[in-house]
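Scroll down for the structure; my scribbles are underneath it.
In what follows, every heavy atom counts, from backbone to side chain, and hydrogens, waters and symmetry copies are set aside.
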Amino acid sequence: MIVEIIPCLNDNYSYVIREEGVNTISIVDPSEFEACDKVINKYKKLDFILNTHHHADHVGANLELKKKYNSKILGSNLDKDRIPGIDIYLKENQKQNIGNLEFEVIFVPGHTKGHIVFFFSKEKIAFTGDTLFSLGCGRVFEGTHEEMFNSLNKIKNLPPDTKIYCGHEYTKSNLDFCLAYDSKNTFLKEKEIYIQEKLNSNQPTIPSTLDQEIKTNIFLRCNVPEIKHALGLKDSSEVQVFSKLRDLKDAF
Ligand code: ZN
Ligand code: FE
């Protein structure tokens, strides 16, 4: 499985998925028609459009791409009235094929009510949209903090070597936030060097791996005593720590 990264808008990523020698082409979260079509046009076809959630910066090119390539659009059954042009409604834990590839639908409400992650278990690749970012997580718009926390835990339980492809290049500002509250984390300092190198050469910091995120992403580290201490929440539950971090990040 080959994943091509397409930078869109200011800081969005869309992803083209294909397989060597196989004629099925898919895209995750097409933001902008022109940027996406520049890549898809090379293949002269687009079979499937996969949407993690209904926000405009993730579905913006759905209808134009569908019109040009007669693609099928897949999204959560909960977003059947909100994802433009949706054809196939996906349910929690469902398995679905796109060509020879199979993904699992992980239901991750919080950022939106119908947010899903596409997890390709054989390849260990997850498209996490605006739920898990590198070193961060999405804002809680439609769900509760507890839902978002539980959703992140579902992702946390995937195999550690899973590659994480998320919806935005927010890594640098997320890094600054993590450093503010997890300043002694040596993995974070290593990651900082990697991130700077990538950004200095104009390259995406994506993909990350789940293992790296568990070691460095403060939103996946609500159980770590040093972080609880830094927040003055020594005796609080993990979900309370998560809520505090999310509020602090909203104002960061
Ligand atoms: Zn969003
Ligand atoms: Fe977004």
Side-chain angles (χ1 to χ4, degrees), residues 1-8 11-22 24-31 36 39 48-53 58 74 90 93-108 110-111 115-138 151-172 174-175 178 185 187-188 190-199 201-221:
M1 174 171 166
I2 300 157
V3 180
E4 268 178 88
I5 304 179
I6 309 174
C8 289
D11 49 32
N12 275 81
Y13 287 130
S14 303
Y15 300 105
V16 168
I17 300 172
R18 59 195 173 84
E19 280 178 284
E20 203 82 68
V22 175
T24 302
I25 308 292
S26 307
I27 192 166
V28 179
D29 285 355
S31 293
C36 293
V39 176
F48 300 103
I49 296 172
L50 279 56
N51 294 130
T52 59
H53 65 296
H58 299 258
L74 292 75
L90 302 169
N93 299 328
Q94 178 184 336
K95 294 200 168 125
Q96 174 78 32
N97 279 81
I98 49 168
N100 287 341
L101 298 169
E102 185 189 72
F103 66 79
E104 205 174 299
V105 177
I106 305 174
F107 181 54
V108 288
H111 179 69
H115 200 304
I116 55 177
V117 164
F118 301 104
F119 176 53
F120 292 77
S121 58
K122 196 167 147 249
E123 294 78 11
K124 294 189 197 163
I125 288 177
F127 296 93
T128 58
D130 288 357
T131 297
L132 178 67
F133 295 127
S134 182
L135 300 185
C137 75
S151 292
L152 289 169
N153 274 338
K154 285 189 196 173
I155 300 174
K156 212 174 161 179
N157 282 326
L158 297 176
D161 52 343
T162 299
K163 287 197 178 81
I164 304 292
Y165 288 89
C166 60
H168 290 268
E169 181 59 69
Y170 288 159
T171 314
K172 176 64 174 82
N174 290 338
L175 168 72
C178 290
N185 185 339
F187 293 113
L188 196 53
E190 278 170 34
K191 183 95 178 174
E192 181 178 19
I193 295 166
Y194 170 84
I195 290 165
Q196 281 305 349
E197 278 174 6
K198 287 286 176 186
L199 294 178
S201 56
N202 252 323
Q203 286 175 353
T205 62
I206 308 307
S208 181
T209 65
L210 184 58
D211 173 56
Q212 284 176 32
E213 291 307 312
I214 290 170
K215 287 178 180 156
T216 55
N217 184 332
I218 198 162
F219 292 96
L220 300 184
R221 296 168 53 74

(message) Go through it in stages, so that I can follow the logic: the residues are Ile6 and Ile27, the test is side-chain contact (heavy atoms from CB on, under 4.5 Å), and I'd like the CA-CA distance, side-chain angles, deciding distance and then a yes or no.
(response) CA-CA 10 Å; Ile6 309 174; Ile27 192 166; 4.2 Å; yes
(message) Could you check whether any side-chain N or O of Tyr15 sits under 3.5 Å from a backbone N or O of Gly167, counting only pairs where one atom can act as donor and the other as acceptor?
(response) no
(request) Give a yes or no answer on whether the side chain of Lys95 reaches the backbone of Glu102 with a donor-acceptor pair at less than 3.5 Å. (result) no
(message) Could you report the tightest heavy-atom contact between Asp161 and Lys124, atom names first, then the distance?
(response) OD2-NZ, 3.1 Å
(request) Could you grab the distance from atom OG1 of Thr216 to atom CG of Asn185, nearest 0.5 Å is fine? (result) 7.0 Å
(request) Return yes if some donor-acceptor pair links the side-chain N/O of Asn174 with the main-chain N/O of Tyr170 below 3.5 Å, else return no. (result) yes
(request) Provide the closest heavy-atom pair for Phe107 versus Ser151 in the form atom of the first, atom of the second, distance. (result) O-OG, 4.4 Å
(message) Please evaluate residues Phe48 and Thr24 with respect to the criterion side-chain contact (heavy atoms from CB on, under 4.5 Å), reporting the C-alpha separation (whole Å), side-chain torsions for both, the decisive distance (0.1 Å), and the verdict.
(response) CA-CA 8 Å; Phe48 300 103; Thr24 302; 4.0 Å; yes
(message) So which atom in Val105 and which in Leu90 form the shortest heavy-atom distance, rounded to 0.1 Å?
(response) CG2-CB, 3.9 Å
(request) With sequence neighbours left out, write down each residue that passes side-chain contact (heavy atoms from CB on, under 4.5 Å) with Thr205, or none if nothing qualifies. (result) Glu169, Thr171, Ile195, Lys198, Leu199
(message) Please evaluate residues Ile106 and Thr128 with respect to the criterion side-chain contact (heavy atoms from CB on, under 4.5 Å), reporting the C-alpha separation (whole Å), side-chain torsions for both, the decisive distance (0.1 Å), and the verdict.
(response) CA-CA 9 Å; Ile106 305 174; Thr128 58; over 6 Å; no
(message) Under a 3.5 Å distance rule, please check whether Ser14 uses its side chain to pair with a backbone N or O of Asp29 as donor and acceptor.
(response) yes
(request) For the pair Leu50 and Ile98, evaluate side-chain contact (heavy atoms from CB on, under 4.5 Å) and give the outcome as yes or no after the intermediate values. (result) CA-CA 10 Å; Leu50 279 56; Ile98 49 168; 4.3 Å; yes
(request) Check whether the side chains of Glu104 and Ser121 place a donor and an acceptor atom closer than 3.5 Å, and report yes or no. (result) no
(message) Working to the nearest 0.5 angstrom, can you tell me the gap between Lys215 NZ and Thr209 OG1?
(response) 7.5 Å
(request) Would you give the length of the straight line joining atom CZ of Phe127 to atom CG of Asn51, rounded to the nearest 0.5 angstrom? (result) 13.0 Å
(message) For a quick test of reading the model, state the closest non-hydrogen atom pair linking Cys8 to Cys36 and the distance between them.
(response) SG-SG, 3.9 Å
(message) Check this for me, if you would: do Glu4 and Arg18 make a salt bridge, where the nitrogen-to-carboxylate-oxygen distance has to be below 4.0 angstrom?
(response) yes
(request) Please tell me if the side chains of Pro160 and Ile214 come closer than 4.5 Å, counting only heavy atoms from C-beta onward. (result) no
(request) Look up atom CD in Gln196 and atom NZ in Lys191, then write down how far apart they are to the nearest 0.5 Å. (result) 13.0 Å
(message) Rounded at 0.5 Å granularity, tell me how far CZ in Arg221 sits from CG in Asn217.
(response) 9.0 Å
(request) Would you indicate whether the side-chain heavy atoms of Val28 and Tyr165 approach each other to under 4.5 Å? (result) no
(message) Tell me whether Phe187 at atom CZ has more than 12 heavy atoms from other residues, nucleotides or ligands lying less than 6.0 Å away.
(response) no
(request) For His58 and Thr52, indicate whether the former's side chain and the latter's backbone hold a donor-acceptor pair under 3.5 Å. (result) no
(request) State the CG-CD1 distance between Asn93 and Ile116, to the nearest 0.5 angstrom. (result) 11.5 Å
(message) Looking at every non-hydrogen atom in both residues, tell me the closest pair between Pro207 and Tyr194 and how far apart they are.
(response) O-OH, 4.4 Å
(message) Testing His111, His115, His53 one by one against Thr131 for a side-chain hydrogen bond (donor to acceptor under 3.5 Å, both in side chains), which residue passes?
(response) His115
(message) Tell me whether the rings of His168 and Phe133 are parallel (<30°), tilted (30 to 60°) or perpendicular (>60°).
(response) perpendicular
(request) For Glu19, enumerate each residue passing the side-chain contact (heavy atoms from CB on, under 4.5 Å) test, keeping only those at least two apart in sequence or located in another chain. (result) Val22, Asn100, Leu101
(message) Between Lys156 and Leu220 (side chain of the first, backbone of the second, donor and acceptor by atom type, cut-off under 3.5 Å), is there such a pair?
(response) yes
(message) Quick check: closest heavy atoms across Cys178 and Ile218, and the distance to 0.1 Å?
(response) SG-N, 3.6 Å
